[in-house]
Protein chains: 2
Amino acid sequence: MSKVTLKEMAKVLNMSVSTVSKALNDSHEISDATKEIVKKFAKERNYQPNPLAKYLKLGRSNSIGVILPSIGNPFHSQIIESLHNYASLHNFNLIIMQSKDSEEIETKAIQTLLNQGIDGIIISPAHETSNIALLKKIHESTCPVIIFDRINYDLDTYKIGVNNFQSGLDATAELIKVGRRRIIILCGKNIGVTKERLAGYEEALKKNDIELIQEYIVYCNYNNSFEDFDNDLKEKIAVLMKDSSIAPNAIFGTTDTLTTRVLGILADLKIQVPNELAVIGFANTEIANSLNPALSTIRQPTAEIAALSVEMLIKLITNKKNRSQIDFQEFKLDSSIQLRKSTDVDS
Amino acid sequence: MSKVTLKEMAKVLNMSVSTVSKALNDSHEISDATKEIVKKFAKERNYQPNPLAKYLKLGRSNSIGVILPSIGNPFHSQIIESLHNYASLHNFNLIIMQSKDSEEIETKAIQTLLNQGIDGIIISPAHETSNIALLKKIHESTCPVIIFDRINYDLDTYKIGVNNFQSGLDATAELIKVGRRRIIILCGKNIGVTKERLAGYEEALKKNDIELIQEYIVYCNYNNSFEDFDNDLKEKIAVLMKDSSIAPNAIFGTTDTLTTRVLGILADLKIQVPNELAVIGFANTEIANSLNPALSTIRQPTAEIAALSVEMLIKLITNKKNRSQIDFQEFKLDSSIQLRKSTDVDS
DNA sequence: TTGTAGGCGTTATCAA
DNA sequence: TTGATAACGCCTACAA
């Protein structure tokens, strides 16, 4: 906390508080001579304006609340860093919260943010309908809310994510291209975006005259514990692999979590990647490259998503126009496919 | 930002502001009847006290500044999550900054935090001497500072990390135990903790009558770009591997960054892990398990480090005693070794 | 039990 | 060009 205040400086300098304040803020009302004296003195005393007082006066906290499923997930760190960078650029700071894919925890996170007096919220919702009424209310009356990443969410605001249908199609098409036609797709329960990715998957199959096999669509429950999640997934894969009539030869993981987890599981099951099972997944991190075999991924434009999210939110924060009048857009950015060893099949 | 204020509610309820305030704060001076009316009304209007005003009044912001080398590094996400959890527990919120291993960026980060009016700082310094004068000044006059993770840093305050000497010794001893005696150690330039880990490495060699080979001590410069860093490291390893008289058969990475990066490089060089080179590294994340081969690691007790850091800092924040009087301790927690495939050598 | 008044550190308005 | 004064929303003696 800063110690020296305007008042104290004013006293020592024999000026009024307002003069000192204006001098420091480079007001045109103040003479250059005075400005110089004040600024020099302020530097000497290492004056730091009290941001709380400032923001109280200005009616804003200059902080943005961010809610995403998990902070600890290594794959989220890049989006956090990007959001952080863009927020800093605009002199906003970030208060990050996590929902752990649970609506209740998400509710609390939202409450905490409101209690902190944030100026706006950027959220990747726990699931398609989580806290929708609450967020609607907040967006209408309290502060703007923006949806990112998990953009299948029924709130009338800016939404920033990728074209999930196309991404799913691309990933599947790539697997087909390297000769794999029996493709498992891993989906998250209640995660809207995986639905669209699944639709892309189905479209790719259709285009290539591949029959859709229901058993290949594997749903995973994010609310399970690590252990349950892994065991559940492991068993599902093991069962499929055992039945040679339908044994798959590729896996498409529709989220980063799903994809990394499945890699560990395949290693445990002693299944060779990519020879037995080619793998492609969603991931935003350089770590995909350090995996062995390096993981082929659908890469989301993290920086652009973060930049747009912050930009649109700040636009809404600074915009005094009634938010119900705004024509909100949905930004579906292009993802790119990054081929590495995990799909590098001997042809 | 919250909308309805005490004043407004007082007006509607025909009470004074202070009555309303006291009622909401459960003051004994207020009758139960009044309290009920006020609370009900506050809930109805969804009253949220303005935290800025509150904190201004109380002279504290209830927020903690955290500075670490990189937010985007997947390996830091767990420590961030842990810090976040413990801070939330105490009703503090976190403002996270990164230094990118650069003293200049660190300086800016510190300034930003001070401008935000944080109540204290938890920092893993960019390097052994970075911003030491500045932090000393802050710690003495402005707000308490605590060092974590990179605890080789000359500031008289609480420091929380692991026993790096022992950790280095353990990791090296494990490699020796599985029969590897020609062990490369990867160190960070100017990173104090890697020095101690190196000392542990040397001790382990000595105990096992293994000669120290200077070429095996490889320093990496964190300030390099990703690409330079990788190319540099790649070349150093390639050179060592080529000369069969000194070709190593194991690698010990003394930081998480170094370790993951080297995995990608080894894959590129088509060096088999663990058969040609066994690998052990520092890492705090479950992702080590998803690597193939799964990575053996020295695991730091992230949660404890975070808990202690937050606890000690809050102790200093709430403690009005002069900080120069305090007998600061250094907490060197035990790390644990987690063996996985990357050291599972055929014996 | 309730209300009045002052102040936390700023900024902004208006007067000098 | 400067200074006095009133906010911002909250808390808290102290007075009623």
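Below, read A as the first sequence line, B as the second, and so on, with proteins coming before strands; counting in each chain starts at 1. Atoms considered below: every heavy atom in the structure, side chains included; atoms not considered: hydrogens, waters and symmetry mates.
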Can you pull out how bent the helix from C:dT1-D:dA16 to C:dA16-D:dT1 is, comparing the axes over its first five and last five pairs, to 10°? 50°
Atom CD1 of A:I37 and atom P of D:dT1: how far apart are they, to the nearest Å? 14 Å
Between B:T19 and B:S16, is there a side-chain donor-acceptor contact under 3.5 Å, judged purely by atom types and distance? yes
Contacts of type side chain to side chain contact (heavy atoms under 4.5 Å, CB included), residue B:N152, not counting sequence neighbours: B:V193, B:E196
On the side chain of A:K57, is there an atom forming a donor-acceptor pair with the base of C:dT11 - under 3.5 Å, no angle test? yes
For B:K159, check salt bridge (charged side-chain N to carboxylate O under 4.0 Å, His left out) against everything at least two apart and list the hits. none
Classify the side chain of A:S18 and the base of D:dA4 as holding, or not holding, a donor-acceptor pair under 3.5 Å. yes
Below 30° counts as parallel, above 60° as perpendicular, anything between as tilted: where do the rings of A:H139 and A:F328 land? tilted
For residues 111-118 of chain A, tabulate all N or O donor-acceptor pairs below 3.5 Å that involve a side-chain atom, not counting sequence neighbours.
| from | atom 1 | to | atom 2 | distance (Å) |
| --- | --- | --- | --- | --- |
| A:T112 | OG1 | A:K108 | O | 2.8 |
| A:N115 | ND2 | A:Q111 | O | 3.4 |

By side chain to side chain donor-acceptor pair (under 3.5 Å), which residues pair with A:K39, not counting sequence neighbours? A:D26
Could you check how far CG of A:L58 sits from P of C:dG9, rounded to whole Å? 17 Å
Whole-Å gap separating P (D:dC8) and CG (A:N62): 19 Å
Send over the distance from B:N14 CG to C:dT2 C1', rounded to a whole Å. 13 Å
Quickly work out the B:K11 NZ to D:dC10 P distance and round it to whole Å. 15 Å
Select base, sugar-phosphate, or nothing to describe what A:K54 touches, counting heavy atoms under 4.0 Å on all strands. sugar-phosphate
Under 4.0 angstrom, heavy atoms only, what part of the nucleic acid is A:L6 near: base, sugar-phosphate, or nothing? base
Looking at residues at least two apart in the chain, or sitting in another chain, which of them share a salt bridge (charged side-chain N to carboxylate O under 4.0 Å, His left out) with A:E104? none
Check the phosphate of D:dC10 against B:Y47, side-chain N and O only, distance under 4.0 Å to OP1 or OP2. Yes or no? yes
DNA chain C-proximal residues of residues 19-36 of chain A, any heavy atom under 4.0 Å: A:S21, A:K22, A:N25
Under the salt bridge (charged side-chain N to carboxylate O under 4.0 Å, His left out) test, residues paired with B:K54 that sit two or more places apart: none
Has B:T5 got a side-chain N or O lying under 4.0 Å from the OP1 or OP2 atom of D:dG9? no
From CG of A:L52 over to C1' of C:dC8, roughly how many Å is that when rounded to an integer? 10 Å
Tell me: CG of B:L56 to P of C:dT10, nearest whole Å? 9 Å
Rounding to an integer number of Å, can you tell me how far B:N115 CG sits from C:dG9 P? 16 Å
Listed by chain and number, what are the salt bridge (charged side-chain N to carboxylate O under 4.0 Å, His left out) partners of A:E103, not counting sequence neighbours? none
